[in-house]
Student: 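One structure coming up, written as structure tokens, with questions to follow.
None of the values given here were measured: they were computed from a predicted structure.
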Amino acid sequence: MISGLALIDMNNFYVSCERLFRPDLQGKPVIVLSNNDGCAVARSQEAKDLGIKMGDPWFKIRTEYTRAGGIAFSSNYTLYGDLSARIGDVLGTFSPDVETYSIDESFVRLTAMTPAALIDQARAMRSMVQQWIGIPCCVGLAQTKTLAKLANYGAKKRLVDSSGVLSLLQVDQRQAVMARVAIADVWGVGPASATKLAAIGVTTAADLAALDRRRARQLLGVVGERTAAELAGVACLPLELAASAPQGCAVTRSFGRPVTSWADMEAAVANYATRAAAKLRRNRRAAGVVQVFMHTSPFRTADTPYSNSAVMQLAEQSADSRVLIDAAVVLAGRIWRDGYNFSKAGVILADLVDADRIQQSFLSNTDRERAGVLMETMDRINRTMGAGTIVPGSAGVRRQWAMRAERRTPRYTTQWAELPVVRA
DNA sequence: TCTGGGGTCCTAGGACCC
DNA sequence: TCTGGGGTCCTAGGACCC
């Protein structure tokens with residue numbers, strides 16, 4: 001038996017999810033916007049052809065894009081997350097060894113008798129996701145994660161053929177493809193590293209694979225050394241089958257319009273703390289440190305800039321919304337200044353531990369059992385009746401600062417009330 | 001009017017200690 | 001003349017990812 005590592009990556013995932021329920025959008029330019037309808041984060045091929053770039057601000061491209069017939073959606077993470085989970089189920093039928101790397105890509109360890117059989121499996125995986133879930137995708141097959149990413153890139157860019165599956169298991173094929181991939185397109189090589197490498201004449205993936213390992217380390221640190229080794233076929237990055245417990249947890253948002261009053265800021269920060277606390281409990285974690293930041297818009301040059309943050313160590317780690325809200329509001333109060341147009345704020349929880357391994361403080365007088373029951377009840381109600389059904393009073397009822405999502409599609413697959421309707 | 005959000009890992013440098 | 005050296009721990013910031 002031989003084995004290979006497959007990277008399966010959805011094509012324009014968010015756009016493909018929207019198109020699934022709007023088949024009339026096939027062949028048209030479609031983009032999905034970031035939170036707050038800020039900028040383009042996913043583009044269909046037709047939108048790319050119109051010159052829409054990743055991260056283009058919506059307000060700048062809006063007029064021209066819509067005039068050209070382009071469609072835009074607010075992001076609908078509930079929908080994307082649900083489809084992502086369904087894709088995971090399909091992948092699980094191919095191998096027990098699946099690492100869900102992000103919402104739209106997974107590494108899958110495939111085993112077979114021959115290299116040809118391995119490629120057949122990769123092809124079957126691609127077509128099953130397309131047929132059962134309806135999302136187009138590409139598969140890259142190789143010996144290491146970095147090479148599998150590169151193979152996937154090659155499949156997407158059709159460097160060898162347009163089948164959507166590319167194997168780099170064979171050395172000659174690998175060399176030929178790597179020589180055609182620019183160094184900046186290698187997984188793990190960002191703009192800073194690409195510049196350093198270009199300065200010593202390393203401009204392709206093949207160049208980095210051939211670079212002396214010590215030189216790579218000296219120039220880029222262990223991360224660069226690992227990337228070079230992985231490109232040469234030496235696996236350094238293991239498959240991570242079990243999702244590791246989160247080390248931090250943040251809820252940060254730009255405001256739909258500038259926040260200028262303490263009442264609004266207090267409500268926003270309380271609201272973010274509430275959501276962060278719920279996220280914490282979902283992961284069965286508790287936080288030891290709370291941090292709050294706020295700042296004015298870096299883009300509004302006419303405004304006086306202000307940016308600050310404050311941190312607090314809790315007497316005892318907690319996942320209690322009330323404790324975390326209190327801490328966050330106190331911190332926000334410390335850095336709040338009148339007279340500024342705030343564009344964004346956030347609550348960051350750190351120093352996370354397992355919820356059942358909380359260090360009990362001698363000073364603590366919290367009735368933990370009662371607090372736990374209260375939080376559990378609140379989470380259950382929000383889970384069954386819909387998020388936000390009950391929130392602590394401080395989290396605000398009138399939310400003028402709330403982010404924009406003017407173009408969100410229905411949550412087709414997770415809300416009974418939003419199921420797609422089929423008519424004759 | 002209007003420019004995303006949420007992560008991880010690594011490194012350099014300071015504080016502190018013996 | 002000559003002013004230690006090595007270890008640990010912590011933190012802020014950089015770099016990268018989707």
Student: Taking only the side-chain heavy atoms of A:R300 (C-beta and beyond), determine which of C:dA15, B:dG4, B:dC2 contains the nearest atom.
Tutor: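 Of C:dA15, B:dG4, B:dC2, B:dC2 is nearest to the side chain of A:R300.
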Student: In whole Å, what separates the C1' atom of C:dG4 from that of B:dC17?
Tutor: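 Each nucleotide's C1' atom is 14 Å from the other's.
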Student: When you check the phosphate oxygens OP1 and OP2 of C:dC18, does a side-chain N or O of A:K149 lie under 4.0 Å from one of them?
Tutor: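 Yes, A:K149 has a side-chain N/O under 4.0 Å of OP1/OP2 on C:dC18.
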Student: Across the strands shown, which category fits A:D56 at heavy-atom distances under 4.0 angstrom: base, sugar-phosphate, nothing?
Tutor: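 Contact class for A:D56: none.
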Student: For A:V311, report the nucleic acid contact type (base, sugar-phosphate, nothing); a contact means any heavy atom under 4.0 Å.
Tutor: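 No contact.
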Student: Hey, does A:P298 reach any base, or is it just sugar-phosphate, or nothing, if we go heavy atoms under 4.0 Å?
Tutor: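 No contact.
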Student: Tell me whether the OP1 or OP2 atom of B:dG5 has a side-chain N or O from A:S254 closer than 4.0 Å.
Tutor: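 Affirmative; the distance criterion is met.
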Student: Starting at the 5' end of DNA chain B and moving along, which residue's nearest nucleotide shows up first, A:G55 or A:E240?
Tutor: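 Mapping each residue to its closest nucleotide by heavy atoms, the 5'-most match is A:G55.
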Student: Would you say A:W187 reaches C:dC18's phosphate, i.e. side-chain N/O to OP1/OP2 under 4.0 Å?
Tutor: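 Yes, A:W187 has a side-chain N/O under 4.0 Å of OP1/OP2 on C:dC18.
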Student: Using a strict 4.0 Å threshold on nitrogen-to-oxygen distance, state whether A:R86 and A:D82 make a salt bridge.
Tutor: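 So A:R86 pairs with A:D82 through a salt bridge.
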Student: Can you tell me how far P of C:dC18 sits from CD1 of A:I8, to the nearest Å?
Tutor: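 Atom CD1 in A:I8 sits about 16 Å away from atom P in C:dC18.
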Student: Under 4.0 Å between a side-chain N or O of A:S297 and OP1 or OP2 of B:dT3?
Tutor: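 No, because none of the side-chain N or O atoms of A:S297 sits under 4.0 Å from OP1 or OP2 of B:dT3.
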Student: Out of B:dG4, B:dG5, C:dC16, which nucleotide sits closest to the side chain of A:K344?
Tutor: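 In terms of side-chain proximity for A:K344, the closest of B:dG4, B:dG5, C:dC16 is B:dG5.
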Student: Does A:T252 put a side-chain nitrogen or oxygen below 4.0 Å from OP1 or OP2 of B:dG6?
Tutor: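 A:T252 to B:dG6 OP1/OP2: side-chain N or O found under 4.0 Å.
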Student: Given the side-chain rings of A:F342 and A:W336, with only the six-membered ring counted for Trp, is the space between their centroids under 6.0 Å?
Tutor: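 Between A:W336 and A:F342, which both carry aromatic rings, the centre distance is below 6.0 Å.
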Student: What is the separation between atom OH on A:Y153 and atom C1' on C:dC18, rounded to the nearest whole Å?
Tutor: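 Going from OH in A:Y153 over to C1' in C:dC18 covers 17 Å.
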Student: Side chain of A:V223: nearest nucleotide among B:dG4, C:dC18, B:dC10?
Tutor: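 Looking only at heavy atoms from C-beta outward on A:V223, the closest nucleotide is B:dC10.
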Student: Could you tell me whether the phosphate oxygens of B:dC10, OP1 or OP2, come under 4.0 Å of any side-chain nitrogen or oxygen in A:R226?
Tutor: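 Looking at the OP1 and OP2 atoms of B:dC10, one of them is under 4.0 Å from a side-chain N or O of A:R226.
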Student: We want to know whether A:R281 and A:S321 form a side-chain donor-acceptor pair, criterion being a heavy-atom distance below 3.5 angstrom.
Tutor: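 Side-chain D/A pair, A:R281 to A:S321: present.
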Student: What is the separation between atom CG on A:D351 and atom P on C:dT11, rounded to the nearest whole Å?
Tutor: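 That distance rounds to 9 Å.
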Student: Using a cut-off of 4.0 Å on non-hydrogen atoms, how would the nucleic acid contact of A:K279 be classed: base, sugar-phosphate, or nothing?
Tutor: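 Contact class for A:K279: sugar-phosphate only.
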Student: Please state how far atom CG in A:L150 lies from atom P in C:dC17, giving the value in whole angstrom units.
Tutor: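 So the two atoms are 13 Å apart, to the nearest Å.
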Student: If you look at every heavy atom in A:A273 and A:L324, which pair is closest and at what distance?
Tutor: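 Taking every non-hydrogen atom into account, CB-O, 4.1 Å.
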Student: Between A:E105 and A:K156, is there a side-chain N and carboxylate O pair less than 4.0 Å apart?
Tutor: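 So A:E105 does not pair with A:K156 through a salt bridge.
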Student: So does A:R300 pair up with A:D303, basic N to acidic O under 4.0 Å?
Tutor: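 Counted as a salt bridge, because a side-chain N and a carboxylate O are separated by less than 4.0 Å.
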Student: Rounding to an integer number of Å, can you tell me how far A:E230 CD sits from C:dC16 C1'?
Tutor: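 Going from CD in A:E230 over to C1' in C:dC16 covers 15 Å.
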Student: For A:R253, which contact category applies under a 4.0 Å heavy-atom criterion: base, sugar-phosphate, or nothing?
Tutor: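 The answer is sugar-phosphate, as A:R253 gets under 4.0 Å only of primed atoms, P, OP1 or OP2.
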Student: Looking across every strand, which nucleic acid part, if any, lies under 4.0 Å from A:G346 by heavy atom: base, sugar-phosphate, or nothing?
Tutor: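 No contact.
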